[in-house]
Amino acid sequence: MTQYHYQDQFAQPAQPPPGHQQQGPQQLAGQFAQRFQMLAATIEQVIRGKREAVELALICLFAEGHLLVEDVPGTGKTTLARSIAAAVDAEWRRVQFTPDLLPSDITGVSIFNQAHQRFEFHQGPVFANIVLADEINRASPKTQSALLEVMEERRVTVDAEPHPVPRPFLVVATQNPVDMDGTYPLPEAQLDRFLMKISVGYPGHAAEVEVLKGVPTGLQLDRLQAVARASDVAGMIDFATRVHVADPVYDYIVALCGATRTSPHLRLGASPRGSLALLRAARVKAAAAGRHYVVPEDVKALAVPVIAHRLILTPEAELRDVTAAAVLGEILAGTPVPQAA
């Protein structure tokens, strides 16, 4: 049984008991940052040398978003998702996406109970705190669409009955960009539901040496100690939603996303869902830095992983090998950054 020495202080009661001194936003932000860094350090015991990817994945968790990891085989995509589940003492499930997978294999199905003479809903693997959708692009579009409702509304509707999933809820999907035989590209509507799209990448030389040295006796996932509970994460999520955002920062986010809709290199820009995603992620990044307010640098640091996968290039830009990240970089460089008073 895992021992915990952490009290959930992020979800403050509406009316504190007499004699109780309610903590201020800066104190809570400091506690948020401490817990965030503890989780990142724990996961990095398995994912060596990839601190940025680990922190982006945790930002997705605390922003109540979902993560798409696209990379070549063997770089730790699946291990990253499993490490998050191990560091957080929460329920997790893995779904291996294959061409013969059915939507009911993910969401669940109603089965007639002869003893009680009624249909009973049997939950699918999506009813967990962390769901690993491995090689998501190998399933048919019909099966991929089974995740659309639950990723957006955090519930599954079967036979006209809604069934909410637990909180926190994070979908970590992986896909391989090299082996495209027998795969179905994710439609734009589903890509837009992922808060971020990242790649883990190859480890550095020193990190890979450490991986090789640690193979026989290194820390395994099943021995990774959880440092947070699901209730802790839920409290941190609630605090992140209360991180202050000044009006100029709101304007900056809208200006960035608006510029993608008028760029001559883009056929499709970021939707309002992209603006909301960037706002939620920036709030978490601010809290992870120990601040109870968002600064423009938080927005700039997250613009590419949050927005780039939502953009569709024009055919002319694709012929010139222009990337969405490069176009977004130009927009970031050309959009005035609000200055602190």
Side-chain angles (χ1 to χ4, degrees), residues 10-12 24-33 36 52 55-67 151-154 168 170 188-189 191-198 234-266 268-312 324-341:
F10 294 98
Q12 292 287 345
Q26 190 58 51
Q27 290 176 300
L28 292 173
Q31 293 174 11
F32 186 106
F36 186 95
E52 182 180 3
E55 291 188 353
L56 288 176
L58 288 176
I59 288 173
C60 274
L61 174 65
F62 294 119
E64 291 196 289
H66 307 288
L67 179 66
M151 288 175 67
E152 181 70 16
E153 302 178 24
R154 287 170 174 76
L170 171 69
E188 284 72 25
L191 281 173
D192 202 34
R193 280 168 168 77
F194 285 100
L195 183 81
M196 291 187 195
K197 178 182 177 182
I198 68 171
M236 295 171 73
I237 289 171
D238 289 337
F239 172 74
T241 62
R242 302 196 300 268
V243 171
H244 177 69
V245 181
D247 287 343
V249 177
Y250 283 121
D251 292 337
Y252 183 54
I253 293 173
V254 173
L256 287 176
C257 293
T260 65
R261 301 164 194 164
T262 59
S263 171
H265 304 295
L266 298 176
L268 180 67
S271 67
R273 183 187 283 132
S275 304
L276 290 169
L278 189 54
L279 173 64
R280 299 203 319 265
R283 278 182 156 138
V284 176
K285 186 169 179 62
R291 284 181 277 104
H292 64 281
Y293 55 90
V294 176
V295 296
E297 285 70 23
D298 298 325
V299 177
K300 293 180 68 175
L302 295 170
V304 171
V306 173
I307 298 296
H309 67 282
R310 307 170 192 269
L311 310 178
I312 299 180
V327 174
L328 197 53
E330 293 180 2
I331 291 173
L332 285 167
T335 304
V337 179
Q339 302 295 322

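Scanning for side chain to side chain contact (heavy atoms under 4.5 Å, CB included) contacts around Thr335 gives Tyr252, Ala255, Leu256, Ile331, with sequence neighbours left out. Legend: residues meeting side chain to side chain donor-acceptor pair (under 3.5 Å) with Arg273, ordered by chain and number and at least two apart, are Glu152, Asp192.
Here the straight-line distance linking atom CG of Leu268 with atom OG of Ser263 works out to 11.5 Å at 0.5 Å rounding. For the atom pair Ile253 CD1 and Leu278 CG, the distance stands at 5.0 Å (nearest 0.5 Å). Note that CG of Leu191 is 6.5 Å distant from NZ of Lys197, once rounded to the nearest 0.5 Å. Between Glu297 atom CD and Lys285 atom NZ the span is 10.5 Å, to the nearest 0.5 Å.
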Can I get a per-line list of side-chain donor-acceptor pairs under 3.5 Å for residues 56-64, giving both atom names and the distance, sequence neighbours left out?
| from | atom 1 | to | atom 2 | distance (Å) |
| --- | --- | --- | --- | --- |
| Glu64 | OE2 | Arg167 | NE | 3.0 |

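Both tests hold for Arg291 against Tyr293: distance to the six-membered ring centre under 6.0 Å, angle to the ring axis within 45°.
For the pair Leu302/Met196, a side-chain contact is recorded, criterion being any heavy-atom separation below 4.5 Å from C-beta on. Side-chain contact between Arg283 and Val245: present, with at least one pair of heavy atoms (C-beta onward) separated by less than 4.5 Å.
Side chain of Thr241 to backbone of Asp238: a donor-acceptor contact under 3.5 angstrom is found.
In the displayed structure, Glu52 atom CD is contacted under 6.0 Å by at most 12 heavy atoms of other residues, nucleotides or ligands.
Of the candidates Val299, Val254, Val337, Val249 forms a side-chain contact (heavy atoms from CB on, under 4.5 Å) with just one, namely Val299.
Residue Leu170 comes nearest to Gly65 through the heavy atom pair CD1-O, 3.2 Å, listed as atom of the first residue, atom of the second, then distance. Nearest heavy atom pair, residue Pro168 against residue Ile237, reads CB-CD1, 3.9 Å. Residues Leu328 and Val304 approach most closely at CD2-CA, 3.6 Å, considering heavy atoms. Here the closest non-hydrogen pair linking Ala277 and Arg310 is CB-NH2, 3.3 Å. Nearest heavy atoms, Phe239 versus Ala29: CZ-N, 3.5 Å. The minimum heavy-atom distance linking Val306 with Ala281 is given by the pair CG2-CB, 4.1 Å.
Ring-plane geometry between His66 and Phe194 is classed as perpendicular, the angle between the planes exceeding 60 degrees on a 0 to 90 degree scale with a lower cut at 30.
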